[in-house]
Amino acid sequence: MRILVTGGAGYIGSHTCVELLSAGHEVVVVDSLANSSAVALTRVEKIAGRSLFFRQVDINEKAALKSVFDEFAFDSVIHFAGLKAVGESVEQPLYYYRNNFCGTVNLLEVMESYAVRRMVFSSSATVYGEADSVPIPEQSSLSATNPYGRSKLMIEEMLGDLVRARPNWNIDVLRYFNPVGAHESGLIGEDPAGIPNNLMPFIAQVAVGKLDRLNVFGEDWETPDGTGVRDYIHVVDLAKGHLCALETVKETGGLRVYNLGTGTGSSVHEVRKAFEKAAARAIPFEVLGRRPGDVAQCFADVSKVERELGWKATYDLDAMCQDAWRWQSLNPDGYSKV
Ligand code: NAD
Ligand code: WQD
């Protein structure tokens, strides 16, 4: 298949490009490089031993996007492009709605005009808001607690409307839980701008000496050790989930929704200790108050994706930490010092 990967230079996109190329697909990446580096794509080619096509295009630029569709006939689109910083979305909601929501409208319009009606969309467990119970199945009630999450929810609802109006569209919505880790080669990984917001990259930067200590956001949650529990999933497992979705496409069209997680929750202290083992060093920490907007526990019910796509996560927390550490220690400044 020839596949357009929007946001393919980013963290999850680059790992997915490796899997797509390795499975023999032709890959065209469109990325504005708003939150990524083209170096990631050279590394992807090195790992896969195959080339891809890259066009530096913002999906909000319709004419530029169309020119990519003029150049290549696509079988399918995997749509990763989007901004993802929750705090920034609270500060700059219109930027997030323009980029994530309007960008997706633009992309869908261009796809329709070129009769490309197959999309795999990156959604997030954030659409479950404050879930009533765990593990969380796909049919749980949905809500948003910030503009980033609302932009994902709005896109999901728009995709539902589109498929109802145009039943020949084929759309998979994949709700990722907490993607972590890196490719085992140590060549590609997560490269956050500035101080990381998320737990695993923050711990990795403490381990490599760029940050002094981990701030643990609350030890008074209703969880076994009092710290927040999340469903961390290795980014390579996540990438493979996209291939499973592509390869099990329904003939009839329609919209499918799947959780991509391991089905198991880990606490902040469990992640910290697993990372200490992987990096063979202590991770100093301090317990602070709760972070606004956090929930106690969030982990996936993965029975639907296992049953229908035959996909199951394979990497455990130790492997996630070992791979994250290899990436961080080999590339202490990410892609910027290459
Ligand atoms: P990332 O920032 O590393 O990758 C996103 C890529 O999209 C970047 O390369 C960025 O430059 C590009 N991009 C952003 N806006 C664009 C635009 N208008 N036009 C073209 N390119 C644009 O993030 P990621 O972690 O790889 O996330 C990929 C997708 O998965 C995002 O949609 C994100 O919301 C979603 N997601 C991520 C997580 C997570 O924790 N990483 C969890 C759930 C869902
Ligand atoms: C995990 C746990 C924190 C940092 C976020 C987004 C979500 C999704 C995935 C895109 C929590 C604790 C964290 C730190 C800490 N992204 N923590 N110290 O909040 O589950 O999800 O990323 O869709 O939308 O909200 O992930 O890694 O930030 O936090 O104690 O420095 O680690 O309180 O319990 P989160 P996270």
Side-chain angles (χ1 to χ4, degrees), residues 5-16 29-38 40-41 55-61 64-65 78-87 89 95-96 98-100 102-104 106-107 121-129 144-146 148-149 151-152 155 174-180 188-193 195-203 205-206 211 213-219 221 223 227-233 235 238-239 242 260-261 265-269 271-272 285-299:
V5 183
T6 74
Y11 172 45
I12 305 168
S14 57
H15 288 80
T16 304
V29 168
V30 155
D31 199 303
S32 62
L33 303 182
N35 192 40
S36 52
S37 160
L41 295 173
R55 300 290 176 264
Q56 186 172 348
V57 166
D58 187 319
I59 58 166
N60 281 286
E61 303 291 335
L65 195 55
I78 307 183
H79 179 32
F80 293 104
L83 301 168
K84 61 167 182 177
V86 171
S89 82
Y95 178 43
Y96 270 66
R98 158 73 59 193
N99 194 76
N100 292 3
C102 299
T104 303
N106 228 17
L107 174 63
F121 171 64
S122 298
S123 190
S124 166
T126 191
V127 299
Y128 295 119
T145 54
N146 55 69
Y148 165 70
S151 74
K152 291 291 179 190
I155 293 168
L174 303 181
R175 294 181 182 149
Y176 314 151
F177 278 67
N178 290 57
V180 296
I188 56 173
E190 188 169 11
D191 183 16
I195 295 175
N197 298 311
N198 299 117
L199 181 65
M200 181 81 77
F202 197 104
I203 290 178
Q205 293 201 8
V206 175
L211 295 168
R213 64 181 176 282
L214 169 67
N215 299 315
V216 175
F217 297 140
E219 221 176 25
W221 296 98
T223 59
T227 65
V229 166
R230 298 291 183 275
D231 189 338
Y232 298 95
I233 172 166
V235 65
L238 197 65
H242 294 74
L260 292 185
S266 303
S267 74
V268 173
H269 285 317
V271 175
R272 178 180 59 74
F285 69 96
E286 182 181 359
V287 177
L288 303 185
R290 295 181 178 189
R291 183 173 66 176
D294 270 353
V295 296
Q297 301 198 72
C298 177
F299 55 93

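Counting starts at 1 for both ligands and their atoms, following the listed order.
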Which of the listed options, [options], holds the heavy atom that is closest to [atom]?
| atom | options | result |
| --- | --- | --- |
| atom 5 (C) of ligand 1 | Gly103, Ser124, Ser122, Gly82 | Gly82 |
| atom 35 (C) of ligand 1 | Tyr11, Tyr148, Phe121 | Tyr148 |
| atom 19 (O) of ligand 2 | Arg291, Met200, Arg230, Arg290 | Arg291 |
| atom 21 (O) of ligand 2 | Leu199, Asn178, Asp294 | Asn178 |
| atom 8 (C) of ligand 2 | Ser124, Ser266, Cys298, Ser123 | Ser124 |
| atom 23 (O) of ligand 1 | Arg175, Lys84, Gln56, Arg98 | Lys84 |

Spatial distance of atom [atom1] ([X]) from atom [atom2] ([Y]) [nearest 0.5 Å]:
| X | Y | atom1 | atom2 | value |
| --- | --- | --- | --- | --- |
| Arg175 | Thr126 | CZ | OG1 | 11.0 Å |
| Asn197 | Arg291 | CG | CZ | 7.5 Å |
| Lys152 | Tyr176 | NZ | OH | 7.5 Å |

Hey, mind stepping through Leu199 and Leu214 against side-chain contact (heavy atoms from CB on, under 4.5 Å) and telling me if it holds?
-> CA-CA 9 Å; Leu199 181 65; Leu214 169 67; 3.8 Å; yes
Below 3.5 angstrom, do we get any N/O pair linking Phe217 and ligand 2?
-> yes
Judged by atom type as modelled, is there a donor-acceptor pair below 3.5 Å linking the side chain of [X] to the main-chain atoms of [Y]?
| X | Y | result |
| --- | --- | --- |
| Asp58 | Ser32 | no |
| Tyr11 | Val180 | yes |
| Thr227 | Ser267 | no |
| Asn106 | Asn60 | yes |

In sequence, state the C-alpha distance, the side-chain angles, and the governing distance for Asp294 and Arg230, and then conclude on side-chain contact (heavy atoms from CB on, under 4.5 Å).
-> CA-CA 11 Å; Asp294 270 353; Arg230 298 291 183 275; 3.9 Å; yes
Which of the ligand 1 atoms, numbered from 1, are nearer than 4.0 Å to a heavy atom of [X]:
| X | result |
| --- | --- |
| Asn60 | 18 (N) |
| Phe80 | 28 (C), 29 (C), 31 (C), 32 (O) |
| Gly10 | 3 (O), 4 (O), 9 (O), 26 (O) |
| Leu33 | 11 (O) |

Of all the non-hydrogen atoms in the protein, which one sits nearest to [atom], and at what distance?
| atom | result |
| --- | --- |
| atom 24 (O) of ligand 2 | Thr126 CB, 3.4 Å |
| atom 10 (C) of ligand 1 | Asp31 OD1, 3.4 Å |
| atom 12 (C) of ligand 2 | Val268 CG2, 3.7 Å |
| atom 6 (C) of ligand 2 | Val86 CG2, 4.0 Å |
| atom 36 (P) of ligand 2 | Asn198 ND2, 3.5 Å |

Out of curiosity, is [X] lining ligand 1, as in a heavy atom under 4.0 Å away?
| X | value |
| --- | --- |
| Pro179 | yes |
| Lys152 | yes |
| Thr6 | no |

Ligand-residue contact atoms, ligand 2 with [X], heavy atoms, under 4.0 Å:
| X | value |
| --- | --- |
| Asn197 | 4 (C), 28 (O) |
| Asn215 | 14 (C), 15 (C), 18 (N), 30 (O), 31 (O) |
| Val216 | 30 (O) |

Is any side-chain heavy atom of Ile12 closer than 4.5 Å to a side-chain heavy atom of Leu238?
->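 Answer yes - side chains close enough.
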Answer whether the closest heavy-atom distance between the side chains of Ile155 and His79 falls below 4.5 Å.
->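 They are not in side-chain contact.
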What part of [X], side chain from CB on, backbone N/CA/C/O, both or neither, has a heavy atom under 4.0 Å from ligand 1?
| X | result |
| --- | --- |
| Asn100 | neither |
| Val57 | backbone |
| Ser123 | backbone |
| Glu190 | neither |

Does a donor on one side chain and an acceptor on the other come within less than 3.5 Å for Asp191 and Ser37?
->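 Side-chain D/A pair, Asp191 to Ser37: absent.
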Look at Arg272 together with Glu219 and state whether they make a salt bridge at an N to O cut-off of under 4.0 Å.
->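 Glu219 and Arg272: not salt-bridged.
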Please indicate whether Arg290 has more than 12 foreign heavy atoms, meaning atoms of other residues, nucleotides or ligands, lying under 6.0 Å from its CZ.
-> yes
Close N or O approach ([X], ligand 1; < 3.5 Å):
| X | answer |
| --- | --- |
| Ser36 | yes |
| Val30 | no |
| Leu83 | no |
| Ile12 | yes |

Is the closest heavy atom of Tyr232 to ligand 2 under 4.0 Å?
-> yes
Parallel under 30°, tilted from 30 to 60°, perpendicular over 60°: which one fits the rings of Tyr148 and Tyr96?
->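 The rings of Tyr148 and Tyr96 stand perpendicular, inter-plane angle above 60°.
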Start with the C-alpha gap between Val5 and Thr16, add the side-chain angles, then the distance that decides, and say whether side-chain contact (heavy atoms from CB on, under 4.5 Å) holds.
-> CA-CA 9 Å; Val5 183; Thr16 304; 5.7 Å; no
Is ligand 2 under 4.0 Å from a heavy atom in the side chain of Tyr148, in the backbone, in both, or in neither?
-> side chain
